[in-house]
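Remarks on the structure that follows.
Note that the structure is predicted; figures quoted are calculated from it, not measured.
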Amino acid sequence: MARILITSAIPYINGIKHLGNLVGSQLPADLFARFNRALGHEVMFLCATDEHGTPAELAAAKAGKPVEAYCAEMHAVQAELARGFRLSFDHFGRSSSQRNHRLTQHFAGRLADAGLIEEVAEKQVFSIDDNRFLPDRYITGTCPNCGYTAARGDQCENCTKQLDPTDLINPRSSVSGSTNLEVRQTKHLYLRQRALKHKLEAWIDSKTDWPILTTSIAKKWLNDGDGLQDRGITRDLYWGIPVRKGDQPWPGMEGKVFYVWFDAPIEYIACTAEWADAHGLPDAAWERWWRTDKGAADVTYYQFMGKDNVPFHTLSFPATILGSGEPWKLVDYLKSFNYLNYDGGQFSTSQGRGIFMDQALEVLPADYWRWWLLSHAPESSDSEFTWENFQASVNKDLADVLGNLVSRVTKFALAKFGDSLPEGGSAGPREAQLETDLAARLRAYEGFMAAMEVRKAAAELRAIWVLGNEYLQAAAPWTVVKTDPEAAGAMVRLAMNLIRVFAITSAPFIPDASTAMMAAVKSDDWSWPHDLPAALRALPAGHGFAVPDNLFRKITDEERADWQVRFSGIRS
RNA sequence: GGGCCUGUAGCUCAAUUGGUCAGAGCAGGGCGCUCAUAACGCCUUGGUUGGGGGUUCGAGUCCCUCCGGGCCUACCA
């Protein structure tokens, strides 16, 4: 039994995430977690909300709430949606937790002790009317290069020229519109990533089995221009983790907080501590997942994220870990995803374009979305959601291939043999062939799942379902029953066992349907069919069963047309 | 500007280090079946793999170039 640590990139707190966010990290991570649990491995699957930073403060202000209350509310909302999508986190934490405060401060102290922190004096734009420093991109003005009037302080979106906020003509606060700005002197801590460049590079170079997407982004940042740059890890904000050197004050840094990207990945670790606290467990319980000197040497650590998160997970966070000089676990495999687009354009949180997690669940249950999203996961390139494709995939794969199979088997069995499995009959060459074919596909499925080849795994799973229909069609128990009821009975027994095996193997993708299938065959034995011949005999003659409601309903053309309109515009 | 990724049948996607790799699913066409959610099964029509050039006995697979799409470029996260 292996020990597997899985983290999903932690979603930002300022609003409900869209399906593109979901499929890029949390959903595939959940698939992998469920699969490994099903195999009997010891799994720790973690996620959290990423709560600090300017956008959270501004969103709270817009909502007219204190940022602490706003984040608490939004955390609850996101946790509820995670449950709705059946995301099986062992713990869904918060980067604002006291555990993360202490751990983040601890890492900063260790890095300082190691000589990897540098104080840098710099100038930053302060908005007097907003009473706050503004990040470069929160300053708007006219681009000196192209004259675009809505250029941001970090870069002009129109001509793509990189800018300094002081370059802007007629600069104003993006928050209030105020032009009452001034440049103020401030001081920040920088993590000396350059000092760790060679160590990071050697580590990345050793990861030859990572997705190209992952390593190419990491190498770009390592080697582009002047190479890896030092990074500021503090900000002049209210909402964040106060800058401290371990448990000591940090002279000169009063009133400042750590940069959200410094504390967010540390929350992976802190989240595990939160988990232990929630279960009344001692520190040793979470340390055995993270400290190689305290039991984590046999842990394999997998991270899941969208490509925009890759630099922070391949460079910044490892720099924190390596720089601490302490034996914390580094990621062993980093699975990254491209973006999911929506009907010809991008999902857009700001414009409300596309489907958001709450809306999706209002329209259809989680399994429908899980299946489509995972079977179309943007692994090799950006992929696209269209309602036509969604309707076709869901209706064909779920309703016709799988749902109808369960329906035809249970209804036929009930009509001809009553509500328990018939006796008699024996397996012949056709059944032996099915066992062989199914075993081969099952092995392929397991291989794709273990390799996190999400789309290929989905295709293989679908092919497994098809085997059930092919067998039934060839065996034709509805014909055989007229002349040889016992032979037909044996076919029904096998078909019912197939349903159970399909339920178990499909559960990582469609957990609710799997639960319904197991209820239909009245089984609670979820053990993985390592021994397929035995698994196909698990339900014996005389075992009860029930005809379930249809597992999946079909999406009508009218619904599809309605949803196309409903989700095309601005989110109300 | 620079870098990276990507462009394979109408659609969504596969094709170990270049060598039956030109495939699957859906859609389309034909046949069969009737247990089932007008479901299922079988057979089948589609591509000179974005254009052009090159390397090679042999290239979606390597090189050059052009065209199209996307991402990143470090103070949003």
Side-chain angles (χ1 to χ4, degrees), chain A residues 9-14 50 52-56 58 122 124-125 133-139 152-155 159-162 164-165 174 188 193 212-213 215-217 219-221 223-225 228-232 235-236 259-261 264 306-312 315-316 338-339 341 346 349-350 375-376 378-384 386 388-389 392-393 395-401 403-416 453 455-456 458-459 462-463 466 468-479 481 488 491-492 495 547 549-554:
Chain A
I10 63 179
Y12 198 65
I13 194 71
N14 69 339
D50 178 14
H52 299 310
T54 306
L58 298 181
E122 55 191 24
Q124 188 77 33
V125 174
F133 281 97
L134 292 174
D136 292 354
R137 70 160 43 199
Y138 281 94
I139 299 158
R152 288 193 324 230
D154 58 339
Q155 182 171 29
C159 68
T160 74
K161 184 177 173 62
Q162 289 174 55
D164 191 89
S174 306
H188 283 296
Q193 297 187 142
I212 292 175
L213 184 65
T215 50
S216 65
I217 291 173
K219 288 179 179 175
K220 167 71 190 312
W221 281 58
N223 301 315
D224 191 42
L228 185 63
Q229 297 299 298
D230 294 343
R231 179 177 276 275
R235 293 290 184 273
D236 289 297
Y259 176 41
V260 58
W261 262 116
K307 57 186 168 186
D308 51 330
N309 279 331
V310 168
F312 302 100
L315 302 169
S316 306
N338 288 284
Y339 293 145
N341 290 318
Q346 293 192 343
T349 302
S350 58
S375 61
H376 294 79
E379 290 177 298
S380 56
S381 64
D382 291 352
S383 65
E384 175 159 316
T386 65
E388 288 84 357
N389 190 304
S393 295
N395 287 358
K396 193 69 192 174
D397 300 345
L398 296 181
D400 293 347
V401 176
N404 182 58
L405 173 71
V406 173
S407 185
R408 67 195 296 206
V409 168
T410 53
K411 287 181 178 174
F412 177 77
L414 182 67
K416 303 297 180 186
E453 294 269 12
R455 278 188 316 216
K456 289 180 181 176
R462 193 197 125 105
V466 167
N469 282 314
E470 288 176 344
Y471 168 74
L472 270 191
Q473 203 64 36
W478 48 88
T479 301
V481 72
M491 294 169 187
V492 165
V547 175
D549 292 337
N550 284 344
L551 258 41
F552 300 98
R553 71 178 187 81
K554 296 207 185 190

Of the candidate nucleotides B:rU37, B:rC4, B:rA74, which contains the atom at the shortest distance from the side chain of A:D400?
B:rU37
Which part of the nucleic acid, if any, lies within reach of A:N404 when heavy atoms closer than 4.0 Å are counted: base, sugar-phosphate only, or nothing?
base
Check the phosphate of B:rC72 against A:Y339, side-chain N and O only, distance under 4.0 Å to OP1 or OP2. Yes or no?
yes
Please classify the glycosidic conformation of B:rG46 as syn (within 90° of 0) or anti (everything else).
syn
Minimum-distance pair of heavy atoms, taken over all atoms of A:N338 and A:K307
OD1-NZ, 3.0 Å
Parallel, tilted or perpendicular: ring planes of A:F312 versus A:W261, cut at 30 and 60 degrees:
parallel
Measure from the side-chain N and O atoms of A:S407 to the backbone N and O of A:G403, and report whether any donor-acceptor pair falls under 3.5 Å.
no
For B:rC76 and A:R137 - does any side-chain N or O of the residue sit under 4.0 Å from the phosphate oxygens OP1/OP2?
yes
Is the backbone of A:L405 close enough, under 3.5 Å, to the side chain of A:N469 for a donor and an acceptor to pair up by distance?
no
Rounding to the closest angstrom, what is the interatomic distance between B:rA15 and B:rA74 at atom C1'?
37 Å
Considering all heavy atoms of both residues, which atom of A:K396 and which atom of A:R462 are nearest to each other, and what is their separation?
CG-NH1, 4.0 Å
Separation of the P atoms in B:rC4 and B:rC63, to the nearest angstrom:
11 Å
Considering only heavy side-chain atoms of A:H376, the closest of B:rU37, B:rC76, B:rU12 is B:rU12
Residue-phosphate contact under 4.0 Å: A:Y259 side-chain N/O, B:rC76 OP1/OP2:
no
For A:F412 and B:rC35, say yes or no: do the ring centres fall under 5.5 Å of each other while the ring planes differ by less than 30°?
no
Are A:P477 and A:Y471 close enough that some pair of their side-chain heavy atoms sits under 4.5 Å apart?
no
Can you tell me, in whole Å, how much space there is between the C1' of B:rA38 and that of B:rA22?
35 Å
Using the side-chain heavy atoms of A:S407, tell me which of these nucleotides is nearest: B:rC35, B:rC13, B:rU37.
B:rU37
Using a heavy-atom cut-off of 4.0 Å across all strands, would you classify A:G232 as base, sugar-phosphate, or nothing?
nothing
Syn/anti label of B:rG23 as read from its glycosidic torsion, with the cut at 90° from 0:
anti
Can you give me the N/O atom pairs linking the protein to nucleotides 25-27 of chain B at distances under 3.5 Å, or say none if there are none?
unit_1, atom_1, unit_2, atom_2, d
B:rG25, O3', A:R462, NH2, 2.9
B:rC26, OP1, A:R462, NH2, 3.3

Can you tell me how far apart CG (A:N14) and CG (A:L58) are? Round to the nearest 0.5 Å.
9.5 Å
Ignoring backbone atoms, establish whether A:K411 has a side-chain N or O less than 4.0 Å from OP1 or OP2 of B:rA39.
no
